[in-house]
Amino acid sequence: MTVLRTMEWKKLPVSLTELCINTTLRCGQSFRWRKSGEDEWSCALHGRILSLRQDPSHLHYRATYPKSSSYLPSPPRSTAASEQAPEDDDTLDLIKHYFNLSPNLSQLYEQWASADQNFKKKAPKFTGIRILKQDAWEALVGFICSSNNNIARISQMVEKLCIHYGPLIGHIDSQAYHDFPTPQALTGPRVEQHLRELGFGYRAKYLYQTAVMIAQDKGAGWLDNLRNPESPKFGDKARPAGQMEEGGRDGYRTAHEELLALQGVGPKVADCVCLMGLGWGEAVPVDTHVWQIAQRDYKFGKGKHSSLTKATYDAIGNKFRGLWGEEAGWAQSVLFTANLRTFSERLVAKTEISEVIKEEDADGDDASEVTVARKVEVREKKVKRELVEDEHQALEVSSTTKRRRTTRNSLGAF
DNA sequence: CAACTTCCTCCTCT
DNA sequence: AAGAGGAGGAAGT
């Protein structure tokens with residue numbers, strides 16, 4: 001097993017309204033973070049394992065390096081593993097970069113709320129959601145995997161990719177941590193077949209072909225040259241970007257168009273990469289959830305924009321950019337997260353379910369556009385059912401420990 | 001262009 | 001118990 005050196009825990013003052021890792025790391029923009037303990041998150045990043053905890057006033061962080069890491073070039077001055085060259089540790093800078101901590105999020109929320117009544121209504125229970133500055137290649141791969149897929153399985157696929165093709169950083173608590181594979185690592189002649197065997201389905205071909213295009217066809221640095229110059233790679237200097245327009249800045253539009261040339265990359269995936277990997281805050285990825293939001297809350301879904309065509313896609317992005325401005329993608333991700341099933345319990349006070357159901361039913365204010373696909377209604381009803389069931393289960397367990405377990409819940413029980 | 005179909009697999013519901 | 005349907009889409013026709 002790899003020898004590691006674990007740095008000490010350090011802390012950075014940050015409020016939960018500026019950053020909430022428990023939401024930000026689970027809302028479907030990154031797929032590699034794992035809960036490594038009670039309220040502890042870990043991920044291999046930039047040649048180290050980064051572990052995080054958060055309390056209301058601070059983000060606590062710790063890096064764990066492999067013994068012979070190229071990221072800490074200076075020779076060890078002490079033999080004690082925990083004392084080695086902490087002055088060379090750039091983890092704080094990495095965190096500020098990765099979590100995109102420069103923008104004042106509370107201020108942005110206020111701005112979005114004052115411009116948009118719907119945001120004002122939905123956002124208060126979903127504070128601290130930031131757009132991460134992920135590696136562009138990692139974002140590209142993750143979102144190619146995301147087509148016709150859900151977060152849980154995307155995470156599984158990305159993990160398989162890292163295990164089989166990414167460099168091992170080390171183990172913590174017998175859990176292996178691999179960094180993300182390079183594009184080159186996915187260009188081997190049997191990669192596509194192997195990925196199919198690993199359960200990637202038709203995405204296997206996309207990943208292989210895209211890896212070849214990135215590693216061989218396009219020149220070195222092609223992907224990163226599509227970055228927002230105001231939001232450069234970790235360690236690089238910022239340069240000004242262009243002027244904002246309805247369709248976004250020139251650099252954003254160029255990046256979006258260029259990305260469409262890659263296999264498995266359509267408008268939605270291109271915008272995910274633009275927003276979360278290339279630093280273009282005005283990118284608005286429109287997936288089925290955002291499409292539902294646009295119909296339910298922003299009067300899309302009828303007339304000219306009755307179906308999600310390319311024209312409708314662009315119109316939704318333009319609408320949101322006009323409403324929220326240069327960081328429209330950030331605001332969009334807040335509403336998106338509020339709409340996710342995983343987080344929908346927050347819309348409900350766990351104590352009084354019946355009341356909440358009434359409230360939600362009376363919630364059909366917004367112009368009562370019921371073309372909103374009964375999918376949404378069905379889903380909401382389903383959520384309500386589940387909430388009621390969850391509550392019942394919780395009550396049962398706490399009171400009598402009955403064994404009313406459905407088959408799917410008995411995973412690993414015996 | 002818009003509309004429709006196919007592509008893989010896993011999970012859920014019926 | 002088996003089968004249909006859906007899931008943060010994209011590409012081909």
Side-chain angles (χ1 to χ4, degrees), chain A residues 23-24 26-31 129 131-132 134 139-161 192-210 213 256-257 259-277 283-295 303-317 329 332-344 373-386 389-390 406-411:
Chain A
T23 310
T24 300
R26 292 193 304 145
C27 68
Q29 41 174 330
S30 61
F31 305 102
I129 300 174
I131 295 297
L132 301 171
Q134 299 183 72
L140 176 59
V141 169
F143 290 108
I144 286 177
C145 292
S146 77
S147 84
N148 251 331
N149 216 340
N150 54 62
I151 295 178
R153 194 158 83 99
I154 300 164
S155 301
Q156 284 180 18
M157 290 164 71
V158 169
E159 182 170 23
K160 284 177 185 170
L161 213 50
E192 180 180 342
Q193 180 57 33
H194 184 211
L195 292 182
R196 280 188 179 273
E197 288 161 6
L198 290 174
F200 282 67
Y202 58 85
R203 303 164 196 86
K205 180 160 63 175
Y206 294 162
L207 290 180
Y208 168 72
Q209 291 178 336
T210 291
M213 291 183 79
H256 181 99
E257 290 306 313
L259 287 169
L260 292 180
L262 300 172
Q263 291 301 307
V265 179
K268 185 264 180 183
V269 171
D271 274 332
C272 286
V273 177
C274 282
L275 178 62
M276 301 161 206
V284 177
V286 181
D287 55 28
T288 59
H289 284 190
V290 176
W291 172 229
Q292 286 178 3
I293 293 172
Q295 292 173 82
K304 192 179 174 221
H305 297 134
S306 58
S307 67
L308 185 49
T309 63
K310 173 67 175 155
T312 304
Y313 187 103
D314 292 338
I316 293 174
Q332 174 264 5
S333 81
V334 175
L335 295 188
F336 172 85
T337 305
N339 224 47
L340 274 185
R341 244 185 88 185
T342 324
F343 297 99
S344 59
R374 50 189 289 271
K375 255 191 202 172
V376 178
E377 294 174 17
V378 170
R379 191 182 60 77
E380 282 177 353
K381 281 180 185 168
K382 206 164 63 180
V383 170
K384 286 175 200 165
R385 266 208 314 279
E386 283 162 359
E389 282 170 8
D390 284 352
T406 59
T407 327
R408 67 174 187 281
N409 283 340
S410 59
L411 276 178

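In the text below, chain A, chain B and the rest are named by the order of the sequence lines, each starting its count at 1. What you are looking at is a predicted structure, and each value in this text was computed from that prediction instead of being measured.
- A:Val290 comes within contact range of no nucleotide atom at all, as no heavy-atom separation falls under 4.0 Å.
- Of the candidate nucleotides C:dG9, B:dA2, C:dG8, C:dG8 has the atom lying nearest to any side-chain atom of A:Phe336.
- Sequence order on DNA chain C of the closest nucleotides to A:Leu262 and A:Phe143 puts A:Phe143 first from the 5' end.
- Rounded to whole Å, the distance from CE on A:Met157 to P on C:dA7 is 17 Å.
- Of the candidates B:dC8, C:dG9, C:dG8, the closest approach to any side-chain atom of A:Arg196 belongs to B:dC8.
- Considering only side-chain atoms of A:Tyr206, the nucleotide from C:dG8, C:dA10, B:dA3 that sits closest is C:dA10.
- Annotated as anti: C:dG5, whose O4'-C1'-N torsion sits more than 90° from 0.
- Note on A:Ile144: nothing from the nucleic acid sits closer than 4.0 angstrom, heavy atoms only.
- Along DNA chain C, the nucleotide nearest A:Arg203 and the nucleotide nearest A:Ala270 are compared for position; the residue whose nucleotide lies closer to the 5' end is A:Arg203.
- Between the P atom of B:dC10 and the CG atom of A:Asn150 lies a distance of 11 Å, rounded to the nearest Å.
- The listed nucleotides are C:dG8, C:dA10, B:dA2; the one nearest the side chain of A:Ala311 is B:dA2.
- Taking the P atom of each, C:dG8 and B:dA2 are spaced 25 Å apart, rounded to whole Å.
- Across all strands shown, C:dG8 has no partner, as no Watson-Crick or G-U wobble contact with both distances under 3.5 Å is found.
- With values rounded to the nearest 0.5 angstrom, A:Ile131 atom CD1 is found 4.5 Å from A:Gln29 atom CD.
- No close placement of the A:Tyr208 and A:Phe200 rings is indicated, their centers lying 6.0 Å or farther apart.
- Atom CD in A:Gln263 sits about 17 Å away from atom P in B:dC7, given to the nearest Å.
- Residue-level contact check: A:Val269 touches the backbone only, with heavy atoms under 4.0 Å from sugar-phosphate atoms and none from bases.
- Looking at the side chain of A:Tyr202, the nearest of the listed nucleotides C:dG8, B:dC7, C:dA10 is B:dC7.
- When heavy atoms are screened at a 4.0 angstrom cut-off, A:Cys145 is found touching no nucleic acid atom at all.
- Remark: A:Thr288 is in phosphate contact with C:dG9, judged by side-chain N or O atoms under 4.0 Å from OP1 or OP2.
- Computed from coordinates, the A:Leu207 CG to B:dC7 P distance equals 19 Å when rounded to whole Å.
- A 4.5 Å side-chain heavy-atom check between A:Val269 and A:Tyr206 finds every atom pair outside the cut-off.
- Comparing B:dC8 with C:dT13, their P atoms are spaced 14 Å from each other, to the whole Å.
- Ring geometry, A:Phe336 versus A:His289: the interplanar angle falls from 30° to 60°, so the pair is classed tilted.
- As rounded to whole Å, 12 Å separates atom P of C:dA11 from atom CG of A:Leu259.
- A donor-acceptor pair under 3.5 Å links the side-chain atoms of A:Arg203 to the main chain of A:Ser147, judged by distance alone.
- Spacing between C:dA4 and B:dT6 at atom P, rounded to whole Å, works out to 15 Å.
- When the P atom is compared between B:dC4 and C:dG6, the two are found 16 Å apart, to the nearest whole Å.
- A:Asn149 has its CG atom 16 Å from the P atom of C:dG6, to the nearest Å.
- A straight line from NZ of A:Lys310 to P of C:dA11 spans 12 Å, rounded to a whole angstrom.
- A:Gly28 comes within contact range of at least one nucleobase, with a heavy-atom separation under 4.0 Å.
- Between the A:Thr210 side chain and the A:Gln263 main chain, a donor and an acceptor come within less than 3.5 Å of each other.
- Using a 4.0 Å cut-off, no side-chain N or O of A:Arg153 falls inside it from OP1 or OP2 of B:dC11.
- In this structure, the side chains of A:Ser333 and A:Met276 stay at 4.5 Å or more apart for every pair of heavy atoms.
- Picking from C:dA11, C:dG8, B:dC8 the nucleotide with the shortest atom distance to the side chain of A:Asn148 gives B:dC8.
- Following rounding to the nearest Å, A:Lys304 (NZ) and B:dA3 (P) show an atom-to-atom distance of 13 Å.
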